[in-house]
Structure formats: structure tokens, C-alpha cells
There are 2 protein chains.
Amino acid sequence: MKNNHVFIEKLRSSGLRPTKQRIEICKLLFDRKDTFHFSISDLENNLENLSNKKISLATIYNTIHAFREKGYLKEISINSDKTYFDTNTSDHHHFFDESKKKLIDLNDNDLGKIKIKKILPGKKIKSVEVLVRITNDK
Amino acid sequence: MKNNHVFIEKLRSSGLRPTKQRIEICKLLFDRKDTFHFSISDLENNLENLSNKKISLATIYNTIHAFREKGYLKEISINSDKTYFDTNTSDHHHFFDESKKKLIDLNDNDLGKIKIKKILPGKKIKSVEVLVRITNDK
DNA sequence: ACACTACATTAGAATCATTATAAATTATAA
DNA sequence: TTATAATTTATAATGATTCTAATGTAGTGT
């Protein structure tokens, strides 16, 4: 259980005012052992259950976008009606379980090295994202 | 310039009735040398310019979804407000040029083999998608 | 050729995630 | 404490996609 102070510092040091809504969302996202993959509606539901203070949907969107800009979160590319975010911001990839609509981390050991041989002059690589779609095996 | 007959056969052989709308869309998508990456609105614009018959938006959606189901098209995972499709249905991956908002094919030679070492019991791999985001070098 | 039926097309309405707006509230610095 | 700039909020607007139900059309059998 982390102290609020940790989050207040985290926010302040990246130029975000530590409001109670932001701290509440930090606690939910970052005060946990495992990676958290979530959509805005997941987050909304979790906030409603775990804290009795209601945070407006607009604030949830604003906060998550601010957190993404500050590098607290990674956005994950899935073709889905919803956008997914990941509290694990390190270089890594994902399974997407199409039956459960759940993301699963693939860490370095789970995936061979990816070698990109094509070079485009004047361009640089910003990120490499691998998504492995899986389904129930029949 | 391909003959309509080619498309009529293509459609019929996969169980789709060769209607004039479907043939028109086939001509636009598949009567070209290079891969075509497009969104529904791209397609809509192209249809409006290149053919004088108007095809309703609902039909464009229906047709593209049917074509995807029949394997004529691949859907591409980018985080975007729009869904993108690709006339190249072979196993391949993409650059996404974030400056130009354009997709570029990566063919087999452009990318080393991707090895997935993690196995989840009861699950099978449906697809592997690699997206390499690039920006202007500077 | 005719009629039948299942499949397709269509305009417009509905849906739903996300973004914008503008008024009220709050954090911070002076 | 006060000023001001950032933040939160309810609500409206947006826009891609899906749904609906009426009309049209292709293919089959007669």
C-alpha cells in the first residue's frame, strides 16, 4: 500500500497538479504489483467500486490522456471499439485473447528478437508493436 | 484493366452474389498493381470520384465486411479513429509513418522471423501483427 | 418468360466511445 | 487572503460504425 505522498510527488514532478481525482486514479493504477491493462470503462467501473467518490467521465479521460502524455501509460494498438492502456511502459508486446477480450503481456523472453531490415531514408523507428491474437483452441 | 468477368467469378466462387455495387468496389480495390491501404471514408471518396454511380454508405460497410470475412481484405490494427484495410492479404506487416499518416508494407524480406515462445494451454494463435511506427529522422 | 424466395441495397435512425464547451471549483503563488 | 490559472464537471456535440425495415434484385424452379 503506497502512501499518497508518492503519487503527489510523481504528479508534481511532471508538472501536474496533484488533485484528489488524479491521486485517486494513481492509486488505482499504480498501487499494484501486476501490470494493469484497461479501457476507460474498466477504469470507470473500478473507480466506482473501489472509491466512494465519483469522478466524472470527462475527468477520467483528461487524466488518462495527461498520464499517457507524461509517459505513465502506454496506449495499445488493437482494433477494438475501445482504446486500451497499459501501466507497463517498458518495451514489451501482447497477446490479445479474442475470446475473453483480455490482454496478456509478452515479456522479453517470450518473444524472439525482431529484426527490421527495411530502412527508409530520412525516417527513424519510433516504436515496434507486436500483437498476437489468440482464441480458444476449438 | 481487368475484365468484370474476373470479379464476377471471384464473388460467385466465394458465395457472394455479383451485384453491380460489389463489382464496382472490386474494380476499385483489386484492379491495381500496388497494395491499397484505405479507410471506409477513403473508399467512399474514391468511389464518388471514379464512378458516377453512388453507392450508399451502408452498402460500402456491408461489402467491405463481407470481403474481409471472405479473405479478400485484411484489417490493420492501428490506434486510430478509423479502421484501415489492406488489399494485400498475405502474411506481412507494416510501417506506419506518423508524419504522413500513411501505411507502408513490410514484406517477408523486410522483417526477421518472429518467434513466439510463450504457449497458453487451450489457446491457439490466430494472427501475429507487427506495426513499426516511424517518424521523420531529424 | 414468370413467379418465388432469399439475398442485397438503401436512407435514415440509433449507438457508443470520445471530444468539446463553458460554468463552477480548486491549487498554488504572491 | 486574494488573484489567476489549472482542473473538474455535467452536458452537448461529434463521428465512425451498426441497426432497421422498406424496397430492389439475382438465381432457381416451373
Side-chain angles (χ1 to χ4, degrees), chain A residues 4-5 7-28 37-48 51-70 72-73 75-85 101, chain B residues 4-5 7-28 37-48 51-70 72-73 75-85 101:
Chain A
N4 279 5
H5 189 69
F7 299 123
I8 292 175
E9 269 322 296
K10 182 187 175 82
L11 289 164
R12 231 193 283 272
S13 72
S14 51
L16 296 174
R17 287 188 180 173
T19 63
K20 61 181 193 301
Q21 293 85 349
R22 284 171 177 168
I23 294 166
E24 202 60 44
I25 292 173
C26 274
K27 279 161 67 176
L28 206 148
H37 299 117
F38 64 97
S39 66
I40 295 289
S41 56
D42 293 336
L43 181 54
E44 200 185 4
N45 292 335
N46 276 304
L47 283 167
E48 235 163 59
S51 73
N52 40 0
K53 307 144 205 131
K54 189 175 167 307
I55 300 179
S56 103
L57 186 56
T59 300
I60 297 176
Y61 272 98
N62 290 340
T63 301
I64 292 308
H65 290 161
F67 285 7
R68 180 193 49 200
E69 255 97 79
K70 295 301 183 184
Y72 299 2
L73 294 171
E75 196 173 324
I76 303 173
S77 291
I78 310 175
N79 263 20
S80 170
D81 49 335
K82 287 175 192 166
T83 301
Y84 284 82
F85 297 90
K101 304 281 173 209
Chain B
N4 279 5
H5 189 71
F7 299 123
I8 292 175
E9 270 322 297
K10 182 187 175 82
L11 290 164
R12 233 194 280 272
S13 71
S14 51
L16 295 174
R17 285 188 180 171
T19 65
K20 61 183 193 305
Q21 291 87 345
R22 284 170 177 168
I23 293 165
E24 202 61 43
I25 292 174
C26 273
K27 279 160 68 177
L28 205 148
H37 299 117
F38 64 96
S39 66
I40 295 288
S41 56
D42 293 335
L43 181 54
E44 200 185 5
N45 291 336
N46 276 303
L47 284 166
E48 235 163 58
S51 73
N52 38 359
K53 306 142 205 138
K54 187 173 170 309
I55 300 179
S56 102
L57 186 57
T59 300
I60 297 176
Y61 272 98
N62 290 340
T63 301
I64 293 307
H65 290 162
F67 285 7
R68 179 192 50 198
E69 256 98 77
K70 295 300 182 183
Y72 299 3
L73 295 171
E75 197 172 322
I76 303 174
S77 291
I78 310 176
N79 264 22
S80 169
D81 50 334
K82 288 175 193 167
T83 301
Y84 283 82
F85 297 90
K101 303 282 171 208

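Quick note on labels: first sequence line is chain A, next is B, and so on, each numbered from 1. Only heavy atoms go into these numbers, but all of them, side chains included; no hydrogens, no water, no symmetry mates.
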Test log, rule side chain to side chain contact (heavy atoms under 4.5 Å, CB included), inputs L73(A) and F38(A): CA-CA 11 Å; L73(A) 294 171; F38(A) 64 97; 4.0 Å; yes
Side chain to side chain contact (heavy atoms under 4.5 Å, CB included) evaluation trace for F85(A) with I40(A): CA-CA 8 Å; F85(A) 297 90; I40(A) 295 289; 4.2 Å; yes
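Among the nucleotides dA5(D), dT8(D), dA26(D), the one closest to any side-chain atom of P18(B) is dA26(D). In the set dA8(C), dT18(C), dT28(C), dA8(C) carries the atom at the smallest distance from any side-chain atom of R17(B). Nearest nucleotide to the side chain of T19(B), out of dT19(C), dT28(C), dA8(C): dA8(C).
At least one donor-acceptor pair closer than 3.5 Å links the side chain of R22(B) to the backbone N or O of R17(B). K70(B) places a side-chain N or O within donor-acceptor distance of the main-chain N or O of S14(B), the cut-off being under 3.5 Å.
Here dA8(C) presents its P atom at 13 Å from CD1 of I23(B), a figure rounded to the nearest Å.
Between T63(B) and dA8(C) there is no side-chain N or O to OP1 or OP2 distance below 4.0 Å. Taking only side-chain nitrogens and oxygens, H65(A) never comes nearer than 4.0 Å to OP1 or OP2 of dT18(C). A sub-4.0 Å separation between OP1 or OP2 of dT18(D) and a side-chain N or O of Y61(B) is absent. For the OP1/OP2 pair of dA27(C) and a distance below 4.0 Å, the side-chain nitrogens and oxygens of R12(A) include no atom meeting the criterion.
In this structure, dT10(C) forms a base pair with dA21(D), meeting either the Watson-Crick or the G-U wobble geometry with both donor-acceptor distances under 3.5 Å.
Residue-level contact check: S41(A) touches neither bases nor backbone, having no heavy atom under 4.0 Å from any strand.
For R68(A), the salt bridge (charged side-chain N to carboxylate O under 4.0 Å, His left out) partners at least two apart in sequence or on another chain are E75(A).
Defined by atom type and a distance below 3.5 Å, a donor-acceptor pair is missing between the side-chain atoms of N62(B) and T59(B).
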Each nucleotide N or O in nucleotides 10-13 of chain C that has a protein N or O under 3.5 Å away: list the pair and distance.
residue	atom	partner	partner atom	Å
dT10(C)	OP1	Q21(B)	NE2	3.3
dT10(C)	OP2	S56(B)	N	3.2
dT10(C)	OP2	T59(B)	OG1	2.7

